[in-house]
Visitor: 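Mind looking over this structure? Questions follow.
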Amino acid sequence: MDAIDQIEQLFERHGSQLYEGQLRESVSALEHSLQTAQLAEWAQADHALVAAALLHDIGHFIDPVGDDQVDDEHERRAAALLASSFPPAVVEPVRLHVQAKRYLVATDAKYLAGLSSASVHSLALQGGPMSADECRRFEATPYAEDAVLLRRWDDSAKAPGRKTPSLAYYLPLLREFHTGAALKAPRTVVGSLDV
Ligand code: FE
């Protein structure tokens with residue numbers, strides 16, 4: 001079983017769970033992932049960032065902590081899984097998407113008000129808003145800008161009943177990274193624009 005089969009299996013096994021545990025959002029984990037990827041496509045993100053958007057929460061499916069009073073560090077488990085099969089342009093925005101929330105809370109006065117209650121709850125566990133020093137370090141981190149873009153799509157990808165393409169639609173995109181065919185270009189097959 002290759003990495004893409006493994007990812008597909010993780011979505012099949014765990015994708016129906018409600019997003020973000022007991023303080024749950026109103027969409028399933030799979031719906032949330034597909035909505036995040038769709039928003040990336042609508043923004044004409046390149047292939048790597050669409051893949052990152054789809055995969056950003058896959059850490060929730062690996063050894064879940066099962067205690068919503070601790071930081072589950074799902075971004076680290078996701079990055080560890082993806083690092084052997086995907087380039088940094090996919091892995092790093094995933095690894096940084098929680099830090100991007102802490103950054104946005106510190107730098108965008110309106111951002112906190114738009115977060116779901118589950119995201120506000122986890123923010124405190126994840127360290128709260130970044131300090132000015134932490135913001136500067138974050139801005140200097142490779143792929144920080146992509147992580148911020150991903151974070152904003154993530155936060156908007158919680159709409160019950162929104163139509164998206166299926167997981168099968170995105171699997172060929174993931175496979176591009178195995179065949180070396182992935183392009184640093186906007187998606188040109190934009191089927192999700194029609195949904
Ligand atoms: Fe998410």
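Both counts, for ligands and for their atoms, begin at 1 and track the order of listing.
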Visitor: Looking only at the aromatic ring of each residue, does the gap between the centers of His74 and His97 stay below 6.0 angstrom?
Guide: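 Centroid distance His97-His74: below 6.0 Å, so yes.
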Visitor: Backbone or side chain, does His32 get an N/O/S atom under 2.8 Å to the Fe ion (ligand 1)?
Guide: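 So His32 counts as coordinating the Fe ion (ligand 1), yes.
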Visitor: Taking the basic N atoms (NZ, or NE/NH1/NH2) and the acidic carboxylate oxygens, is any pair closer than 4.0 Å for Arg152 and Asp155?
Guide: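 No salt bridge links Arg152 with Asp155.
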Visitor: Is there a donor-acceptor contact under 3.5 Å linking the side chains of Tyr169 and Gln38?
Guide: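 Tyr169 vs Gln38: no donor-acceptor pair found between side chains.
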Visitor: Please name the atom of His56, restricted to N, O or S, that is closest to the Fe ion (ligand 1).
Guide: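 Answer by atom name: NE2.
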Visitor: Using distance alone, with no hydrogens and no angle criterion, decide if Glu134 and Tyr103 have a side-chain donor and acceptor under 3.5 Å apart.
Guide: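 Glu134 vs Tyr103: no donor-acceptor pair found between side chains.
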Visitor: May I ask you to check if any N/O/S atom from Asp155 comes under 2.8 Å of the Fe ion (ligand 1)?
Guide: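 It does not: Asp155 brings no N, O or S atom closer than 2.8 Å to the Fe ion (ligand 1).
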Visitor: Any N/O/S atom, side chain or main chain, of Thr36 closer to the Fe ion (ligand 1) than 2.8 Å?
Guide: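 No - counting backbone and side chain alike, Thr36 has no N, O or S atom under 2.8 Å.
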Visitor: What angle, in degrees and rounded to 10°, do you get at the Fe ion (ligand 1) when you join it to OD2 of Asp57 and to OD1 of Asp154?
Guide: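 OD2 of Asp57 and OD1 of Asp154 make an angle of 170° at the Fe ion (ligand 1), to the nearest 10°.
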Visitor: Measure up the Phe61 and Phe11 rings against each other and bin them: parallel (under 30°), tilted (30 to 60°), perpendicular (over 60°).
Guide: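 Perpendicular, since the angle between the ring planes exceeds 60°.
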